[in-house]
Structure formats: structure tokens, C-alpha cells
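Quick notes on the structure that follows.
Side-chain atoms are counted along with the backbone in the values below, which use heavy atoms only and exclude waters and symmetry mates. Positions are given from 1 along the sequence.
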Amino acid sequence: MRWLVGWSSIAASFGTAGRVAGQAAAHASHQGAYASGNGQAYGSGSGSGYGSGHGSGPDGWGDGPVRGGLADATHPDDPAAPEADRTVVPVGAQLLWGDPDPLWAVGDWRPDEIRTLTADPADPFTRLAVLGCCGATDEELRRALYAARGGALRHLTQWPGSYTAVVQAGRRITVVGDLAGARPVFYTPWASGTAYATAALPLADLIEAQLDIGHLAALLACPDSPEALGDGTPYVGVRRIPPGHALILREGSREITGYEPVASLAVAAPAADPERAVEGVREALVDAVRARLTAPRHAPETLPYDPGPVPGMGPADRRAARGAPAPVPGVGADLSGGSASATLALLAAGLPGAPGALLGRTGERLLAVTFNDLATPEGREGELERAHSIAANPRLHHVVVAAAEEALPYADLDGPLTDEPGPSLISAARERRRLSAGSADHFTGHGARQVLDAHPARLADLLLDRRRRHLLRPVAALARSSPGDSLLVPLTVYAAARRLARTPYRAGMEAAAARLREGGAVTGPSSPVDASLAALTWSRPGPAAAWLTGEALAEVSIRLTAAAGRPPLSLRPGEARARAVLARHAADHRVFEQAVEVRSQRLHAPFLDNQVVRAARALPESLRVQPGARAAILRSVLSSAGVRELPPGWGASAHAPNESATRLGLRTALPDLLALFSAPLLADAGLIEARVVRQALLDAADGRPVPLDGLAELVSMELWLGRLLARRGTCWTGTSTPRRRAVPTGVPLRRPALS
């Protein structure tokens with residue numbers, strides 16, 4: 001897991017990097033004591049060089065060794081502070097810049113993934129750090145630094161790629177998150193200031209945070225409702241910056257501000273031109289793919305150096321990671337037969353240049369990986385045929401990864417500790433088997449549905465704009481998909497959209513809270529019409545809410561009731577629900593990346609990039625709600641790249657996840673799952689009743705109608721809690737407490753019910 005961490009304290013002279021035995025007090029002044037700027041690494045960081053945007057660095061004038069950290073005291077007046085020669089430093093970190101506001105990069109970052117620069121050598125305290133894949137040039141970075149120094153933060157989010165930007169202007173620190181939420185920013189109060197990171201677990205270790213049981217309950221009850229989740233995390237005291245916002249620190253004091261323009265409620269937005277909007281999506285997606293292709297290629301010919309202790313990994317895990325086969329050098333992509341993965345594979349293979357070329361070699365082809373489930377092949381024949389047809393492209397090298405029972409969901413429940421829980425933990429071994437056959441840089445089509453497709457609640461937005469005629473085609477498509485009487489479907493869908501359009505935000509949240517208190521939840525699988533009708537609401541329970549206790553549901557309902565009194569980010573239900581679903585998917589994708597991580601491999605999801613998300617939001621709603629809109633947009637993207645011949649059936653709506661594979665895997669792993677829920681941690685926290693969940697597992701294995709997605713979320717969270725409590729390491733060193741880590745006392749026991 002790679003993350004970025006730093007902090008800003010109001011006491012610049014307290015606990016600076018120069019706080020080393022024998023150092024003079026002057027080195028802890030406002031200017032701080034600086035490191036030698038040569039990329040000195042602590043643990044797994046690269047030895048030298050941070051990309052083309054970094055030279056000797058502004059810290060080159062430092063005199064003497066430094067460690068870069070804040071002394072382990074919660075306040076400058078702490079009695080232990082004068083004697084604290086040790087400093088708090090992340091395990092396996094490399095210092096990007098020193099005090100008074102230090103910044104570290106932790107993990108196996110590539111040299112070109114870390115770029116730092118200053119605006120002027122005479123002004124070393126105005127500087128920019130960009131971590132990740134960024135397609136900006138050095139001059140573009142420098143211009144954005146000047147703009148961000150004046151407060152124009154949006155300039156930091158307009159480059160292709162996926163990255164995190166940190167700007168320092170004097171004692172002001174600005175950390176910019178992305179629009180989707182795939183690269184979140186977290187913060188917590190620390191040492192008379194604020195610590196921030198791109199991962200929540202390190203901050204939880206820093207403050208020894210306890211579990212936030214209310215947040216876990218909301219994550220199970222209403223995963224798609226940011227009103228219930230708020231800005232919380234699974235750890236008490238650690239907060240998350242909302243997508244599309246930035247964290248601004250001024251000598252420890254914090255401010256959260258949005259960088260996207262807010263639409264006026266008094267003047268209607270001008271009507272968007274569909275052709276220009278699709279053209280914008282095409283350009284953004286092509287630039288996103290090109291940014292990955294033009295980045296330096298990496299070929300792990302030797303095993304990576306063991307960095308020593310890794311948070312969440314024991315010695316056996318580290319040995320297994322070192323001995324794991326390295327990914328194939330070059331660039332690859334998923335090729336499932338769907339429109340999203342096929343678009344990325346064909347774009348990467350068709351853009352000018354040699355997609356698979358490495359270190360001057362020519363003739364290499366892009367590696368396209370297709371997974372073939374031999375245990376449950378039914379239902380996937382069409383996608384496999386389309387994948388084979390697309391792989392006939394001479395610039396693609398097709399690899400089919402076939403697996404049977406050993407790659408079913410729930411087959412292997414051992415894995416690394418992720419930053420947060422996510423439903424992908426049950427299928428991590430299945431996905432890792434596929435990705436291990438991929439390349440060092442691998443494209444995935446994750447996020448295409450959430451970015452390009454229209455949420456059903458957008459039908460209510462069309463009614464608000466008095467554009468009823470645009471509802472004819474989507475409603476007719478739902479009627480054709482209905483297995484029963486389709487005559488009443490148009491009237492039913494129209495009535496639900498009309499009801500949502502006339503429901504204010506406050507009333508919608510209060511109704512959702514009342515439904516939770518009454519125990520209303522999803523009871524089983526539904527048809528496309530039922531799913532659309534259920535989505536036509538301001539908030540709805542998640543699939544796992546059916547197994548939560550009444551106390552847990554009541555606590556989540558209190559959160560929704562409190563959120564009803566706060567102004568929403570958008571008064572349009574369709575826009576609000578679409579952004580919430582995208583944020584949830586981006587958070588799950590981040591957990592997916594950590595759970596299936598293959599050493600030396602990078603997963604790229606261009607559909608979650610800032611520019612692609614921003615271009616997709618410019619699409620008119622009347623276009624997005626039409627059947628086949630996503631396929632038409634991606635077909636236009638491929639046509640501009642010269643790909644005009646696509647196999648029959650390309651762009652057809654993909655069915656739901658393979659239910660038969662999930663049931664078969666659950667049936668095979670039933671003894672282990674029953675043992676997992678014999679004394680579950682979720683029951684100790686008061687979220688579930690163990691016997692109820694065990695009965696649900698038995699029902700699902702027998703083929704009864706049970707929300708399989710809800711069971712996956714329950715199992716994943718139980719697995720995550722077990723891994724979190726079983727870890728012995730910590731993310732920090734140099735603390736007064738030898739093992740400062742999150743949740744030191746275990747899961748809080750069930751609170752007694754009020755009588």
C-alpha cells in the first residue's frame with residue numbers, strides 16, 4: 001500500500017526534523033532544519049530522483065542529519081517534550097521535504113511517480129509535490145503552483161492521470177483530493193495541529209483511534225448514502241475530505257473547501273450540446289490513456305529489496321510477496337468482452353507509438369487478459385466470443401486465464417489488511433489470479449458504468465426540467481425488460497420519478513430514516529424494473545441492512561435525521577444520487593486495488609480520472625438516460641482512434657455478476673464461513689446477531705432468494721475486523737509507545753440497550 005503523510009502544527013519550533021540529540025535549538029526555528037534533498041529514503045522508498053520535476057530540491061542547504069518528524073508529545077507544554085530526542089517517523093518512508101511542515105511518501109513508489117518542484121530557488125517555501133501518474137509537464141506544474149499560491153486550486157486537477165497534489169506556500173499547506181474519491185485525503189488533530197494522509201489507518205495508528213461502530217453500521221445499512229456516512233471513517237477521530245474538495249492547513253488550523261464551480265440556483269444552466277459533450281469525453285479518455293502510455297516503463301527483473309516491517313504484513317507475508325512472480329513488463333489491459341475494458345485495450349493498442357515497447361525494444365504488443373471461469377461458464381459465452389474477436393487485432397497479445405473451483409468467490413479468504421473494509425475482499429484471490437498474468441501497468445474498466453451511465457434518479461431531474469419526452473425511450477426499454485405484464489411499467493416508473501421530483505431533500509431523508517427504524521430492507525434479487533423503482537428515492541437501505549440489529553438501524557436512522565437538517569450538495573436528486581454512487585464505487589475500487597495488489601504492478605482506471613469525470617458530467621441528462629448511451633459514447637471514442645469494426649453484440653448491457661459462481665463458491669466455503677460467524681466480531685459490536693447471519697448463509701447455499709451482495713459485505717467486514725485486530729505492527733516509529741497502533745483495546749463491546 002502506497003500513501004502520503006504529513007502534518008502542520010501551529011508551533012513551528014516544536015518537534016521539528018532538527019530535533020535530534022546535539023542539534024542546536026536554532027534548527028527548530030521557523031525555517032526549520034532541512035535534509036539534504038537527495039531523495040534519502042527510509043525503508044522502501046526509492047534511493048534517488050523524484051521524476052523530471054525534481055532536481056537538488058530546496059532543502060539542499062541543510063546542515064546535518066535530520067529525520068523529519070514531530071516529537072512524540074501531544075502539546076508543546078508536555079513535560080516529556082524537552083527530553084524527547086526521538087521523532088515520529090512513518091515506517092518505510094522517504095522524506096520529500098522537511099519541517100516545519102514535513103511531508104513523506106511511504107511504500108514502493110516508482111521514481112517517476114514522485115515529482116517535486118519549487119516556484120523560485122530564492123523562495124524554497126513555495127513548492128509542489130505530485131504523487132501518482134500525472135501527464136503534466138514541468139512548465140504546467142510550475143504555472144499551476146503559481147495559480148494555487150493565489151487560491152486557484154482547480155488548476156491542480158486539470159491534468160490527465162490519477163494523482164495527489166500537495167502545495168506549500170509559506171506555512172499554508174493545501175492537499176487536493178480527486179473528483180471521484182479514488183484518491184481520498186484523510187486528516188486528524190495531532191500535536192497542536194493537523195496530520196493528513198492519503199490513508200486512514202496510519203492516522204488511526206498515530207492517535208491510537210478506536211473503531212467507529214456507528215460508521216461501520218452506516219456502511220452496512222446505507223453504503224450509497226453519504227448523508228449517513230458523513231465525513232467519518234472506520235476510526236474515531238479520523239475524517240475524510242469529500243470528493244471534489246481540498247484540505248487547507250494554516251499553521252495547524254484546517255479548512256475544507258471545494259474547487260469545482262457551483263451551479264447557480266437562480267439562473268438555469270445553458271443547454272449542453274450533445275456532440276461537443278461526447279467530443280469532450282473522447283478527448284479526456286484519450287488523454288488519460290496517453291498519459292499512461294508516455295510514462296516510463298518498468299521491468300522488475302530482480303526481486304525488490306525487502307523494506308523490513310510493513311504495516312499489516314507479517315514475516316511470512318513479506319517472504320511470499322518477495323517470492324511472488326513479477327508481472328510481465330510493459331502495458332496490458334483487461335479484455336472481458338464488455339465495452340469499457342475493450343475500449344481501453346483498443347485505445348492503448350491503437351494510439352501512436354508502441355504500447356508494449358520497453359527499453360528501446362520494438363515489436364511488442366499490448367497484453368490483453370481475459371478470465372474464463374470454468375466452474376460456471378454459463379452466461380458468459382457471448383462476452384468470451386467478443387473478447388476473442390477483439391483480440392484478433394494484430395497489436396494485441398491475448399492471454400486467457402482459466403480457473404475452476406480454486407478461483408471461486410470465498411475460495412481463499414486470506415489476504416492483506418486493507419485501509420478500509422470493502423466487498424471485494426471475498427473475491428480478491430480470484431481477481432489476483434487474473435491480474436498476476438497481466439503487465440506491470442494494467443488498464444481496468446472500473447468506473448465506466450458509474451461515470452457514463454445515468455442513475456435512474458435522473459429521470460426525476462428531467463421532470464424537474466419539464467423534459468418529459470426524453471423519458472419515453474428509457475421507460476420503454478424497462479418495459480421490454482420486464483418478464484411479466486409490461487403495460488403498467490411505464491406508468492409505474494413515471495409515477496415514481498414524479499414522486500421523487502416532488503419530494504424535498506428533507507422529506508426524503510426523514511422517510512429513509514423512518515424506513516430504517518421500521519426495518520425495511522432489500523429482501524432478495526430483483527428485476528431491472530424493481531431495481532430502478534428502488535433507486536428512485538433520496539436514500540435507500542443497502543442489501544446488508546436486512547441482517548443488522550434494531551439498535552444498529554436506529555443509530556443509522558439518527559444519522560439520516562440529523563443530515564436532513566443540513567443543506568445538501570445538490571438539490572437535484574438525480575445528480576446527488578449519481579455522485580454518491582460514484583463516490584462509493586471509487587472507495588470500493590481503492591480497497592480492491594489494495595486487496596489484489598501484485599508486487600510491482602500498477603492498476604490504472606482511467607474512467608475515474610478527474611478529466612474524464614468532469615467531461616462526463618458535462619453530458620446532457622437527455623443523452624445519458626437513453627438506452628445504449630454508454631456504448632454509443634465509447635463507440636465514438638474508438639471511431640476517432642481509427643477503430644470502426646467491432647464484433648456483433650458489442651456494447652450490450654452486461655448482466656448482473658455471476659450469481660451461480662457466487663452461490664457455488666459460498667456453498668464450497670460454507671464450513672469456513674459458519675466458523676467465521678460462530679463468534680463474530682460484528683456481533684460483539686452489536687451490529688448483527690450471529691445465528692441470523694449463519695441461517696442466511698445456509699439459505700444462500702441452498703439456493704433460496706437471499707441478497708448475495710449483502711452477505712458479501714458482511715463477510716468482508718468481518719474479515720477486515722479480524723485482520724485489523726490480528727496485526728502486530730504499526731505504521732510509525734520513534735514514538736514513546738513501542739507499539740502505537742489503532743484499536744489497541746479491540747472491538748468495543750455491545751452497549752446496553754435503553755430501557
Side-chain angles (χ1 to χ4, degrees), residues 133 160-162 281-295 297 327-358 363-372 380 382-402 431 434-449 451-452 589 596 598 601-609 612 630-652 654:
C133 179
S162 180
V281 173
R282 180 192 65 79
E283 294 178 358
L285 196 56
V286 170
D287 290 342
V289 174
R290 183 181 289 114
R292 274 78 174 188
L293 294 179
T294 56
R297 306 294 169 80
V328 178
V331 180
D334 286 341
L335 188 59
S336 64
S339 57
S341 62
T343 298
L344 295 178
L346 292 174
L347 275 181
L351 288 178
L358 180 69
E364 298 288 343
R365 295 177 293 173
L366 185 133
L367 182 65
V369 180
T370 300
F371 182 76
N372 186 13
R380 299 283 183 177
E383 291 187 1
L384 290 177
E385 291 179 2
R386 288 193 295 270
H388 283 289
S389 178
I390 294 172
N393 189 311
R395 300 196 67 173
L396 292 178
H397 175 64
H398 195 206
V399 173
V400 178
V401 179
E431 301 296 337
R434 170 178 58 86
L435 294 173
S436 61
S439 300
D441 290 275
H442 200 78
F443 286 98
T444 67
H446 289 189
R449 182 186 304 275
V451 170
L452 296 178
H589 173 74
V596 304
V598 178
Q601 186 182 64
R602 296 292 185 269
L603 296 182
H604 302 283
F607 287 101
L608 298 177
D609 288 2
V612 178
R630 171 160 50 104
I633 293 172
L634 296 181
R635 189 183 298 271
S636 174
V637 171
L638 290 177
S639 177
S640 65
V643 180
R644 297 178 176 83
E645 296 182 1
L646 296 172
W650 185 89

> Tell me, do Leu396 and His398 make a side-chain contact under 4.5 Å, heavy atoms counted?
Replying inline: no

>> What I'd like to find out is whether the side chain of Asp334 reaches to under 4.5 Å of the side chain of Phe371, using heavy atoms alone.
In response: no

> Under a 4.5 Å cut-off applied to non-hydrogen side-chain atoms, are Asp287 and Asp609 in contact?
Replying inline: no

> Relative to each other, are the rings of His589 and His446 parallel, tilted or perpendicular (30° and 60° limits)?
Replying inline: perpendicular

>> By the definition side-chain contact (heavy atoms from CB on, under 4.5 Å), identify the one residue from Val369, Val596, Thr370, Val399 that meets it with Arg434.
In response: Val369

> So, does Arg630 use its side chain to make a donor-acceptor pair with the main chain of Leu452 at under 3.5 Å?
Replying inline: no

>> A side-chain contact here means heavy atoms from C-beta on lying under 4.5 Å apart; do Glu383 and Arg386 qualify?
In response: yes

>> On a heavy-atom basis, which atom in Leu367 and which in Ala437 lie closest, and how many Å separate them?
In response: CD2-O, 3.4 Å

> Hey, what do you get for CG (Asn372) to OG (Ser336), rounding to the nearest 0.5 Å?
Replying inline: 12.5 Å

>> Ignoring hydrogens, what is the shortest heavy-atom contact between Phe607 and Gly447? Give both atom names and the distance.
In response: CB-C, 3.9 Å

>> Looking at every heavy atom in both Ser640 and Arg282, which two are closest together, and how far apart are they?
In response: OG-CD, 2.7 Å

> Side chains of Arg292 and Ser162: does their closest heavy-atom pair fall under 4.5 Å?
Replying inline: yes

>> Could you report the tightest heavy-atom contact between Pro606 and Val612, atom names first, then the distance?
In response: O-CG2, 3.3 Å

>> Closer than 3.5 angstrom, by distance alone: can the side chain of Gln601 be matched with the main-chain N or O of Ser439 as a donor-acceptor pair?
In response: yes

> Just how far is it from atom OG1 of Thr343 to atom CH2 of Trp650, taken to the nearest 0.5 Å?
Replying inline: 4.0 Å

> Hey, which of Val451, Leu344, Leu638 is the one that makes side-chain contact (heavy atoms from CB on, under 4.5 Å) with Leu285?
Replying inline: Leu344

>> Any heavy-atom pair between the side chains of Arg290 and Pro160 that's under 4.5 Å?
In response: no

